[in-house]
Number of protein chains: 2
Amino acid sequence: MKIFHWGVIIMMTKEETEKLKQDLKERGYKLTPQRRAILNVIIVNEGKHLSPEEIYDQVKMECPEIGLATVYRTVQLLEKMGILYKMNFDDGVSRYELVHSAEDHQHHHLICLKCGAIEEVEDDLLEVLEERISKKYDFSIENHDVKFYGYCKRCK
Amino acid sequence: MKIFHWGVIIMMTKEETEKLKQDLKERGYKLTPQRRAILNVIIVNEGKHLSPEEIYDQVKMECPEIGLATVYRTVQLLEKMGILYKMNFDDGVSRYELVHSAEDHQHHHLICLKCGAIEEVEDDLLEVLEERISKKYDFSIENHDVKFYGYCKRCK
DNA sequence: ATCTCAATTGAAAAAGGTTATTTTTTATCC
DNA sequence: GGATAAAAAATAACCTTTTTCAATTGAGAT
Ligand SMILES: [Mn+2]
Ligand SMILES: [Mn+2]
Ligand SMILES: [Zn+2]
Ligand SMILES: [Zn+2]
């Protein structure tokens, strides 16, 4: 369902937009069309792990006056707010995805060494390992970043 | 045991040096004093995860004419040869460590969110998870990159 | 020991991604 | 609508990494 607003196609529901506005306001920030458009692009492209430049290209379609610096500033802000997660797939750019649940750990990623495809793994299965590490190393784990490199079904 | 050679303190054994020379030669590369000095710094600083700049600073003590570009070129070469592993701890620089065994997976890292300390975890314990992923996603795993973020014993 | 030639080097410039600065515009609140 | 503080655009600066290029070096052949 598309709702036009300020010349931007909004895929966020009214509730999501309100929630965002609320979150921003609580911290003394404003909800601007640019910020909404940027978050919207990320929501619409869920699972794609976009880079700032890629977000910029998408946002520009609806919002051609926007500057790249604004995209950088906004993803940083959204990360600081716990809405986005910054990733590194060693391809020279940072990439962002939505944080799924404020409580849960982020999912794992399977990265194909041949075609570069990135698949997501929702199973966590690290509880045993984390429990053991916490004890053995006296280290309290807050989150993890787990990447598996190999060959996807099409490339192996 | 230190052996002086070409004005450089060599911590590599004669055998290690020969092995390196052999490996390089097989691929049409040469063993130069710069390359030996760079690898030596990495060996001596095992566990420290040095960046190219940090390697450069160390190497310059023994080899003051060396250029930073040579360090970058050499760590890339050593990585391509499977001797080094390139890491990313999201601190703005790439970091390198020795590959422990050509067969084994690389160890995990515990990264303290407060003091930045990096601890190594030799336990792997991912066999069950990897087995399950291989089957469920039809993905053949070659290696993994596992980081745990949290608070170390001194910071928690 | 000298010669030859490809590989390697250091210095400097360029590239590429990200961040900071400055001025102008905008959102919010009254 | 007007005041005020945040955010935007544009541009420059920044920092790590790569490339370029002329000069040097290493290894094998002569
Ligand atoms: Mn993901
Ligand atoms: Mn390590
Ligand atoms: Zn693939
Ligand atoms: Zn710590």
Within the 6.0 Å centroid threshold, strictly below: F89(A) and H109(A): yes

Along DNA chain C (nearest heavy atom to each residue), the more 5'-positioned of V71(B) and G28(B): G28(B)

Base-contact (B) and sugar-phosphate-only (S) positions in nucleotides 17-24 of chain D, heavy-atom cut-off under 4.0 Å, - elsewhere: SBBB----

Whole-Å distance separating the OH atom of Y29(B) from the P atom of dA27(D): 16 Å

Length of the CG-P vector between L20(A) and dA27(C), whole Å: 15 Å

Toward the 5' end of DNA chain D, by each residue's nearest nucleotide, L31(B) or G67(A): G67(A)

Rounded distance in Å - CD (E26(B)) to C1' (dA27(D)): 17 Å

Distance test, side-chain N/O of T32(A) to OP1/OP2 of dA8(D), below 4.0 Å: yes

Distance in angstrom units between D90(B) CG and dC15(D) P, rounded: 19 Å

Separation of atom CD in E54(A) from atom P in dT18(C), rounded to whole Å: 11 Å

Any T70(A) side-chain nitrogen or oxygen under 4.0 Å from OP1 or OP2 of dA9(D): yes

Atom-pair distance (CD on E79(A); P on dT18(C)), nearest Å: 12 Å

Check ion pair D23(B)-K19(B) (N to O, under 4.0 angstrom): yes

Closest to side chain of K30(A), choosing from dT28(C), dA27(D), dA8(D): dT28(C)

Between dA6(D) (C1') and R27(A) (CZ): distance, integer Å: 16 Å

K25(A) NZ - dA6(D) C1' separation (whole Å): 15 Å

Ionic contact status for K135(B) with E131(B), cut-off 4.0 Å: yes

Residue that, paired with L39(A), satisfies side-chain contact (heavy atoms from CB on, under 4.5 Å) out of T74(A), L31(A), L20(A), V59(A): L20(A)

NZ (K114(B)) with more than 12 external heavy atoms under 6.0 Å: no

Ring geometry between H108(A) and H144(A) (parallel below 30°, tilted from 30 to 60°, perpendicular above 60°): tilted

Candidate pair H107(B) and E97(B), rule side-chain hydrogen bond (donor to acceptor under 3.5 Å, both in side chains), full reasoning: CA-CA 11 Å; H107(B) 53 248; E97(B) 73 179 3; 3.2 Å; yes

